[in-house]
Amino acid sequence: MRVHRQLHGRGALFDTEPAGLAPRLVGLRPHQHRAIAVEHPQELPFVVLTGARGTGKSALLREARDAYKGHTPVALIDCEAAEFAAPPAGRDAESWSPVSQALLVIAEQLAEPVTGAGRITFPRLMSGLVAVAAGGWRDADSERIRREVERILLLNESGSWIAGFAGRWAGKVAANVTAAATGTGPLLSSAIEATLESISDSFVHRRRQRAATWWRDYPNASRNARRGLMLLSGHFRAGGTSREHAERYLVRASLADLTDAYTGVLPRMQRLGRPLVLVDNAQSAPGPGLTDPVLRDRSEGIADHVVFLTALRGSGRPALRNAVRRTLPELARRTDWTPDPASPSSRALLVSLPPLTADDTLHIVDEHRVPPGLPHAVHRLTGGNPLGITLLTASAAQNGTASLGELLTSDVRLHEDRDGRPTYVELLDRLVPADRLEELTVLAAAHDHDSATALAEALLPDDFGPADVRALQTRLVQEGLPEVPGRFVGDPFVRTLLLLRLHHRSADHGRWREAHETLIAHYAPTDPAEAHARYRLHHELALGTTESAVAHLRDTFTCLDTRIWLRTLRFVASAPYFHAHDAEGHDFAARDDRRAAIALGHTDAVHRVPDSVDHAVAALHLRIRRLLHAVWQLTDPLALPDPRVCDRLRFELEQLSNLRPAGNALLWRASRDWPEDALAGRPLRVPDGNDDDSGDGEGEA
């Protein structure tokens with residue numbers, strides 16, 4: 001059995017033959033109530049999926065929920081959801097936290113009945129949450145108290161109680177609290193007393209009796225459950241580390257309730273799969289407040305059998321520095337996970353999600369009738385980013401076959417009740433921090449801190465200075481985007497989308513021209529060697545000025561190391577190109593791509609070679625001009641590679657190899673590799689046998 005078609009390349013997590021990671025940990029086949037042997041029967045790894053935005057973490061968690069819902073207890077929360085951002089209306093902030101809210105929401109979902117087994121009850125957690133909530137009831141009316149208590153109370157409903165008991169119990173607590181508020185007794189104590197009495201009085205089962213006395217083991221409770229809950233409430237209201245201490249015990253209470261549900265002969269026979277807790281965006285509160293207590297307790301020998309599968313933006317938090325790290329394919333058969341007894345964070349298993357392969361992209365995109373080269377072009381553009389592939393495929397389905405640039409600028413409708421928006425806008429909403437979209441749109445054209453600072457000084461508000469530039473660089477790395485020398489935004493796909501947005505900021509592309517003109521001035525020659533010439537030429541090319549690039553490549557062909565010359569050609573020609581412009585940078589009415597015509601030599605007859613070029617060098621000048629435009633067209637992430645231009649690229653490099661005996665082998669190898677790479681949607685390789693970059697961010701001159 002394979003995973004859903006939208007989850008290509010993620011079989012190591014959900015496959016059943018052989019069993020993927022999720023079935024081996026949960027003990028059930030996905031979408032079935034059939035048990036399989038569990039991996040790690042004694043202590044489970046705390047699984048954390050890591051990666052940048054758009055890598056499919058959320059989709060995997062949703063798939064896990066759908067695969068096991070109704071078969072074993074399962075809960076899914078998104079830590080960036082509004083319900084965890086602030087207390088509900090009327091709730092006192094000192095009696096609420098993202099962690100307490102998350103525990104309530106998770107328990108509500110885990111309590112749902114599943115195949116062959118009834119509801120799970122949470123008496124320990126219920127008692128703790130009532131104690132926490134009661135700390136904020138000082139000025140509350142009885143109706144609000146009733147609403148809060150009823151929701152928490154339902155965590156302890158097994159489904160076999162007499163109908164209406166929940167309402168009567170909530171009424172009892174509300175009455176006690178109201179009486180306390182009028183001076184007949186301490187409010188918090190009344191609520192806690194009523195909670196404990198409800199558990200001990202309503203059940204004669206020994207398991208319920210254990211639950212009623214569980215809080216007596218709270219630190220300094222002196223073996224008194226009522227005192228334990230009073231201390232819990234006080235620590236929670238105190239905030240800071242005291243609240244973190246209280247939250248840790250609330251997490252422990254919920255896991256103890258789950259352990260109880262699986263204790264005994266009958267529960268073990270009825271419940272085939274382990275409970276599954278799914279936490280998305282775990283880098284945000286309440287994520288750390290759920291993760292850290294579980295890791296600490298497990299390291300201290302307080303065992304549980306809950307499968308945690310969480311998603312973390314980036315490559316990990318400092319608190320997870322000693323976690324075991326694996327890639328998803330490495331987990332296809334087994335985890336090979338063994339924790340370090342001395343390190344709580346080693347209880348975590350960080351799983352990085354690889355990009356989708358070219359074959360995965362082909363299978364997704366090719367479900368629609370598209371040009372033969374489009375799937376490879378989509379993969380080259382997105383780098384295998386699942387979100388990018390999904391939305392571009394949706395755009396192709398809605399807008400017909402078109403170029404990648406047109407697919408990105410065309411509206412895509414993702415919800416029936418909402419109007420469509422340009423595809424690149426939808427992508428950027430999901431791939432970059434919303435609070436820094438404007439700044440990143442400008443800084444995407446930069447190459448390093450200095451060039452980004454130059455752009456910020458020229459085009460961004462005065463309060464965004466060098467320190468903010470560094471902070472933004474750090475944030476991008478923390479969110480999982482790669483660091484690439486020579487590129488401020490290291491991820492090529494995200495950078496392309498940001499530059500497309502910069503191009504469309506105004507109808508006359510004024511912002512676009514200002515950004516590139518700023519960088520041309522920043523990289524103006526200050527010494528004869530022109531160490532930064534490639535950067536200046538790159539931005540001139542982005543504005544449609546090709547003369548300087550052709551002249552530089554022509555004049556350095558015979559004197560520059562061939563490997564460096566090829567890298568310079570590749571980098572300069574990686575300049576963004578959206579469509580043809582006139583001399584002033586305005587759009588031509590016909591959005592034609594003149595690069596192919598120039599690369600094929602169709603304009604040679606009308607092109608005037610500069611007067612300064614010797615007649616003997618004129619042929620080389622034209623050849624370099626054709627070659628530059630060929631590489632520019634074939635490496636454009638928004639254009640389908642033109643097979644005719646590939647053939648011409650091969651021919652031009654062959655001819656250049658005859659003119660440079662010292663670099664003959666390298667140029668000849670490039671004449672074979674580059675056309676092949678372009679047609680396959682791969683970055684062009686510099687044929688030196690040790691190429692360690694993509695050609696997008698060379699730092700050497």
Side-chain angles (χ1 to χ4, degrees), residues 405 444-447 451 454-455 486-489 492 495-496 498-500 502-503 509-525 530-557 560 564-588 591-600 603 607 610 621-639 641-642 645 648-649 652 674 678 683-684 694-699 701:
H447 302 280
S451 58
L455 282 173
R487 297 294 188 184
F488 184 84
V489 177
R495 183 174 66 251
T496 298
L498 289 167
L499 290 173
L500 183 60
L502 177 64
H503 189 261
H509 312 304
R511 200 70 161 171
W512 169 264
R513 290 198 308 276
E514 289 174 351
H516 290 289
E517 287 168 354
T518 297
L519 292 176
I520 290 170
H522 175 72
Y523 289 115
E530 279 206 64
H532 294 137
R534 62 172 61 190
Y535 295 105
R536 175 173 52 79
L537 299 173
H538 173 93
H539 293 286
E540 289 182 2
L541 203 60
L543 294 180
T545 301
T546 63
E547 291 79 6
S548 296
V550 173
H552 179 84
L553 293 167
R554 178 197 68 218
D555 295 341
T556 58
F557 175 68
L560 198 61
I564 296 177
W565 188 87
L566 285 169
R567 287 191 173 194
T568 300
L569 166 64
R570 186 179 63 176
F571 177 73
V572 171
S574 68
Y577 177 98
F578 294 108
H579 49 78
H581 301 87
D582 61 22
E584 296 180 353
H586 297 290
D587 296 347
F588 281 121
R591 296 173 59 182
D592 59 331
D593 186 341
R594 294 178 296 169
R595 295 173 299 180
I598 296 174
L600 295 172
T603 66
H607 176 70
H621 176 92
L622 291 173
R623 193 175 303 284
I624 296 295
R625 180 171 178 263
R626 293 191 296 267
L627 180 63
L628 173 65
H629 284 81
V631 178
W632 197 10
Q633 195 277 333
L634 293 173
T635 59
D636 186 347
L638 300 183
D642 188 328
V645 176
R648 191 65 187 228
L649 174 64
E652 300 295 355
W674 283 17
L684 305 187
S694 66
D696 284 343
E698 292 92 17

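Reckoned from all heavy atoms, side chains included, excluding hydrogens, waters and symmetry mates.
In this structure, H629 and T546 approach most closely via the heavy-atom pair NE2-CG2, 3.7 Å. The two residues L499 and P576 come nearest to each other via the heavy atoms CD1-CG, 4.0 Å. Shortest non-hydrogen contact noted between R648 and L600 is NH1-O, 3.4 Å. Contact detail for H552 and T556: the closest heavy-atom pair is O-OG1, 2.7 Å. Taking every heavy atom of both residues into account, A575 and L541 meet most closely at CB-CB, 3.8 Å. Residues A549 and V572 come closest through the heavy atom pair CB-CG1, 4.0 Å.
Side-chain atoms of P492 and R487, non-hydrogen and from C-beta on, never get closer than 4.5 Å to each other. In this structure, L634 and W674 have side chains that are not in contact, with every pair of non-hydrogen atoms separated by 4.5 Å or more. H607 places a side-chain heavy atom less than 4.5 Å from the side chain of H621. The shortest side-chain heavy-atom distance between D642 and R595 does not fall under the 4.5 Å cut-off.
To the nearest 0.5 Å, the span separating CG on L553 from CZ on R623 amounts to 14.5 Å. To the nearest 0.5 Å, atoms OG1 (T545) and CD1 (I520) are separated by 6.5 Å. Separating the CH2 atom in W512 from the CG atom in L500 is a distance of 8.5 Å, to the nearest 0.5 Å. One finds the CD atom of Q633 at 9.5 Å from the OH atom of Y577 (value rounded to the nearest 0.5 Å). Separating the NE2 atom in H503 from the CG atom in L498 is a distance of 14.5 Å, to the nearest 0.5 Å. In this structure, OG1 on T568 lies 5.5 Å from CG on L560, to the nearest 0.5 angstrom.
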May I have the step-by-step check of side chain to side chain donor-acceptor pair (under 3.5 Å) for H516 and H509, ending in yes or no?
CA-CA 11 Å; H516 290 289; H509 312 304; over 6 Å; no
Which is it for H538 and H447 under the ring-ring contact (aromatic ring centres under 6.0 Å, His included) test, yes or no, and what are the steps along the way?
CA-CA 11 Å; H538 173 93; H447 302 280; 5.6 Å; yes
Evaluate the criterion side chain to side chain contact (heavy atoms under 4.5 Å, CB included) for residue pair R534 and I564; output intermediate values, then yes/no.
CA-CA 11 Å; R534 62 172 61 190; I564 296 177; 4.0 Å; yes
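Listed for the R570 side chain is a donor-acceptor partner under 3.5 Å among the backbone atoms of L684.
Classified by interplanar angle (parallel below 30°, tilted 30° to 60°, perpendicular above 60°), the ring pair H532/Y523 is perpendicular.
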